[in-house]
Each structure stands twice: as C-alpha cells, then as structure tokens.
There are 2 protein chains.
Amino acid sequence: MPTNRKPRVTIDQVAQATGVSRQTVSRAINNKSEIDPETRRRVLDAAQAMGYRPSRFARGLVRQDLITVGLVIADVLNPFFPEVTAGVLEAAERRGWQVVVYNTGSERRKELEVVDMLFDQVDAGVAFLLHHEAIAKATAGNLPFVLLDKGGRAPAVPGVRIDFEGGARRGLEYLIDRGHRRIAMLDDEAYLSAEAQNTRRELYLKVMGEHGIPVDVDWIQPAHNSIDGGAAAMERLLSAHRDVTAVFAYNDLIAIGAQLRARALGLRVPEDCAFLGFDGLSIGELVEPPLTTLHIDKRRLGEIAVEQAALLLGGMSEDEIPEAVIEPQLVVRASA
Amino acid sequence: MPTNRKPRVTIDQVAQATGVSRQTVSRAINNKSEIDPETRRRVLDAAQAMGYRPSRFARGLVRQDLITVGLVIADVLNPFFPEVTAGVLEAAERRGWQVVVYNTGSERRKELEVVDMLFDQVDAGVAFLLHHEAIAKATAGNLPFVLLDKGGRAPAVPGVRIDFEGGARRGLEYLIDRGHRRIAMLDDEAYLSAEAQNTRRELYLKVMGEHGIPVDVDWIQPAHNSIDGGAAAMERLLSAHRDVTAVFAYNDLIAIGAQLRARALGLRVPEDCAFLGFDGLSIGELVEPPLTTLHIDKRRLGEIAVEQAALLLGGMSEDEIPEAVIEPQLVVRASA
DNA sequence: TGTCTCTCCGTGAGCGCTCACGTGAGCGGT
DNA sequence: ACCGCTCACGTGAGCGCTCACGGAGAGACA
C-alpha cells in the first residue's frame, strides 16, 4: 500500500503565487495584524485554492509550545479504559494538550513496541503497562512517564497507585462477614505471564489466609479479561466446585460474565452464589441482580495521571512527585 | 497554570558534550551504521545523562512521513464510540499512523472548536459531526476529511453512510408484523438543535405513515443520549401513553434505560411493551431480556473511514472516493 | 612508495515555518 | 521643509534535525 502522498504546498509557493512575501502569508493565515484586509483575502483565497495547509512540524519547531501526551491502554473495548480516557482527555484539554491513544491488548510484544514508539512521538506518556520490561523501558528513558497503575512498584517511578489491597480486603471481609467460606477467585489470565507483584490474586490468598480459610489453587480460575472469559471460567469453576458460595472476580467484566453464566446454569444470585466485582463499571448496574463491586474512580485516575505528567514536564524530578492513591469503595448492590 | 517547560536539550549540545559532530550523534540515536560501537555507547550514555530526546518536530520536518489522524467522537463513555475507535486504531496502526482523539459531547461550540484545532494538528480528520456548520467548516478546508456518518449529505463529502433508512424500516416493520400499532419513539435530544436531515425520527414518521399508522408528536420523546436519559424519557412517555406496546429507540443506550425503567415500573418485557434498539452494543446482551436491536458494524465503520482518509491523503479527489454504506442488521434477541 | 579500499566521522544545505527586526510610503502638524 | 508617526510589508536568522556528500586515516597489496 504505497501511500504516495501528494507533495506539500509550502508557504513560499503561496507567497510567490500571490506576489507577496512569506511573512505576509503567515500573517494572513494566523490572523495577525499588520496586514491589509484586502491582501489577507487574496492570500487566503490563493491558499485555499492551492490546497495549502501549514506544516505542523515547521510550526512546532519554532513555537515550542503544543504538547502531546501518549495514552497507553490495554483495550478500548473494555469499558474500564474509556472512563480513564475520559479523565485523561478532559485534563489534557484543560491544558491545551493533545492525546494520542495506543492499544496494547496487554501483550508484551505490543507494549514494548508502543513504548518505543512513544519516545519518538510524544512529550509525555501516561500508561497502563503490565509487563515489567515495558515499564522498565518506559521509565528508563528521558520521557516523562506516568503509570496509571503503578502497583507495588518502587516509589521513584511516578504514577497513581490503586489500593487493591485495601479494596480486596474490604470486599473479601464483606463476603466473609456475610458467612461465606467457600469463596472462589476468577483471575485475569494476562497476569499469569506478567511478573507483576501484589496482584489481586495474591491479595486474595493473603486475606483468606488471615481469616483462617484455606484455599486450594483450583479455587482460582484464570479468565480472559472479558465477559465471555468470565463465563467460561465460571463454568470451569462450577465443574470443579459446585459448592462455591461466592465469587471474587478480578474485575467487573469477568464478574458479569460469571454471574450471567451461573444464572444460565440455574444458580440463584446471590442466594446460591454471590458475586463481587472490581472496578465499578456502570454496566454492572444493568445485569440482574446489579453487581456488587469495589468501585474505582477511573476518571479521577486519568486526571491525576495527567497532573503528574504536567509536573514532570514542568521539570519536577520523579521522586518529588507526590504519592497518589485511589481507594476502591465497596458499592453494595444486589449480587453479594 | 504556567507549565514552565525545561529548556530542550538539542542534538548539538550532546555532540559538543561528547566531542563529536551532530551527525555522529544522529547516527547513534537512530541506530545507523558508519559509527564505531565505542563511540555510539559514549554518545548514548551522554544523551541519556543529559536527558536528550530528539524533537519530533525537527524530525517530522525533514522526514515527510509519519502521519497523524484526528478522530473526533461525541463521547468516549458512550460504548458506541469505543467500538468505532477500535476499528480506527487498528486500521491506523496497520498503516503506521497515529491517532489523536477529541471529544465533542455533540455540542456545537465544541465541534467547531475541535474542527479548528484539527486543521493545525493533524494530517487528516475522521469525525462524527452533528452540526452542519462544523461539517461545512471541516469539509471546506484543505484537510482530508472523512465523515463517520455522512447521513444524507451531498456525495461530494467523503465518508461512510450508515443506512438508517433500511435499518429503521427493517426494525419498524418487524414490530408492525408482530402486531404492534402503538409504537413510540425515544429520540436523541441532541438532534433537536442540530439541523440534520434524514434522521431516525423522520424515518420513524415516514415508515409509520407508509403503514397507515398515524402518530402524534407526543409519541416521540426526546431523551438524553444515555441510559439515564432513556429511563427518564420512558417515564415521561408512560405518563402520557400508558398503552404503548412497543418502543423504537434512537439507540441501544436509550433503549436499555427505557426498558430498565419500564420493568422497574412493573411492565413485562416484551409482553406489555417491546423494546427495539439501534447500534447493536454488546451491553444489550446483558440486560433482561436481552435487547433486540439493529446492529451496526462499528469496527468496520472505523476501518472504512481510515481507508478513505488514506485515499484522500494519497491525492484522490473527494468525488472519486467510492461510496461506502454500512447496513444495519436486525438482531432479534428477546426484548421485541 | 604509491594507490585503493574500507571505516569512521564531519560539513553544508535545507525541511517550512515564525520572530525580531528593518524599510519605505503616506500623512498630519509645525 | 522637516520631523514624527502609523501602516503595510519584506528580510535574515534560526528552530532541531536528517540527507547527501566529502575527507582523513588505517590497512592491504602491488
């Protein structure tokens, strides 16, 4: 696919065609003063006719403003990310920044690729990154870089931390308080290959342990991060443990899929099996019964990240960036 | 908010610090040949230490490749758009293009603003635009511009047409065939202020008329384009026409809200009232009963738009762009 | 010793634009 | 006639980089 671009029309060509100088054309285009209205019109008409459009590169080169941030997410189709994106877009717009979006699908190869690309193309990066090589690469360079979920990583890398530990604890203790003991977990399979630390699965193991509830590994089912993935995992779970009374899901998407499938298989929710999600997606309100979940303020998450990027861009060093934590809130609806 | 950027480190500064020439630094940075490995390492180390990062503007100025397209959507939070975005991102990535995202909220002021911005910042635009002034402005300039829903507009403006007429007809006739006569419509209120033509509302009026079913204007309720908006509109509708037997919604979001509220008010779906959506969002499968809808291949829509933008960028004139139509498909689930 | 190749490196030009000037014409005031 | 001013416009420089060269030095071979 040879995208043979048509040659660029330059400001000089417009100038020549109109019989004026570069500068006069520039004045016309940028709506500046010191130009005769009649001349402006002539120039503008010629520019229009010739298909002239100023080169953003030449412009950007001389005017050192206009900032572009790269937003790296796993998957636009996962409703979690649009909410974060909304926060990022809004905060960026307030600052007059542009936002370029990249999808990684949580694949290691793509994450690395995207990080590489970022270095060339943007002034700052704001990213969800799963694989620690990608994170290392991203934070090693000279590009201001903010992690949208820095997890348990060293404080030196700027970013927002989502307090999964607090959230998971609140959620699981809620389930335990309600009398549940046979609590399964549906984990995101993407974390199997990533050497992340302090994952929701580990927290699950930890909290359960603290409450003296032993869990066998097959109480943890990996699921693709989607509704269908949750459904499939639930089915596997049920065939191994029909007596499960509650499911703690990696996130709402998986929880919703699981709950849907459970109901399709004849279970009553929450009487036979309760479901607890994580993320607080608005689609959790659509299912029956509405999903109880640990709500994360995703919009705020995006905003904070942009603010941190702004500080970095302003020259603040990475370890001066204030610590930011998002606290998941238990939202009790009806599924648990 | 004075984002006092730290002064840029240039290639010359790195060159000076390392005691080599610009070109050698360039060779090191871009991983080219004709450079001693030892020198490369020294340069790279210095660059890293000095916080050097090549200016994308200077680069872009000399290498005329690297293309950026602007994607203009109404609202990232509306699940319709992420799907389109996914298609756009994918198609853009295949071409090595970047995608900058802009939100308009369907407001006239913001649409105009965004279009203005686009002209400065991108090489091509791909957009959902509601207000015809914004569309006029966008297509008048020299920027390759593709409409993601060109509606009934002149063929000269490139873009994808979604065959709402065919879709609406298929949907409404399905309802009529099933015996419905008192069919209400829940319209998107944003279209009240926009002078769009060939809207879903007009099609509703037309098809109903063709079947000899007279409709009073208060069978059409405007709704905010959201689930809550649909719910509120449904409540208004019911207070005027408790005897409605079917609802044709502007889109799935509104349909879902309406259906949810109807059920909350004690109506059985579809026995007492049937619901028909438009868009084919995947969240329509989550509600009970699953939503019958006119499915639009949103991903494909995004892809086609990018392909058209590529043709435009390649120098093809606007009227040579092949006509592209997306045909909505009736997906019968259980709500109607 | 000459010269031929190969490796490594530097130099000038130019991408398209804006900024800070400089300039000349026109005009009113004294 | 002179000054001073405004208005409209042009000129040179430079933003930071890459590309196409050109050239020095080292080693190989006659």
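Chain naming here is simple, since letters A, B, ... match the order of the sequence lines and numbering starts at 1 in each. Fair warning: this is a prediction, and the values are worked out from it, not measured in the lab.
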Handout entry: Residue list, side chain to side chain donor-acceptor pair (under 3.5 Å) with A:T104, at least two apart or on another chain
Key = none
Handout entry: Within-4.5 Å side-chain heavy-atom neighbours: B:L66 and B:Q98
Key = no
Practice task
Please report how far the helix from C:dT1-D:dA30 to C:dT30-D:dA1 bends, comparing the axis fitted to its first five pairs with the axis fitted to its last five, to the nearest 10 degrees.
Solution key: 60°
Completion exercise
Reading nucleotides 16-28 of chain C from 5' to 3' and marking B where a protein heavy atom lies under 4.0 Å of the base, S where only the sugar-phosphate is that close, and - otherwise, the string is BBBBB--------
Practice task
Ignoring backbone atoms, test whether B:T39 places a side-chain nitrogen or oxygen under 4.0 Å from the OP1 or OP2 oxygen of C:dC9.
Solution key: yes
Exercise for the section: If a pair satisfies salt bridge (Lys or Arg N to Asp or Glu O under 4.0 Å) and one of its residues is in residues 134-148 of chain A, list it, with sequence neighbours excluded. Expected result: A:D116-A:K137
Completion exercise
Sorted by chain and number, sequence neighbours left out, ring-ring contact (aromatic ring centres under 6.0 Å, His included) with B:F81 holds for B:F128
Problem - Pairing residues for A:N225 by the side chain to side chain donor-acceptor pair (under 3.5 Å) criterion, not counting sequence neighbours - result: A:D188, A:N251
Problem - Contacts of B:R41 that satisfy side chain to side chain donor-acceptor pair (under 3.5 Å) - sequence neighbours left out - result: B:D45
Fill in the blank from the handout: side chain to side chain donor-acceptor pair (under 3.5 Å) filter on A:T68, not counting sequence neighbours, yields B:R56
Fill in the blank from the handout: Residues at least two apart in sequence or cross-chain that pass salt bridge (charged side-chain N to carboxylate O under 4.0 Å, His left out) with B:E320, listed by chain then number, are none
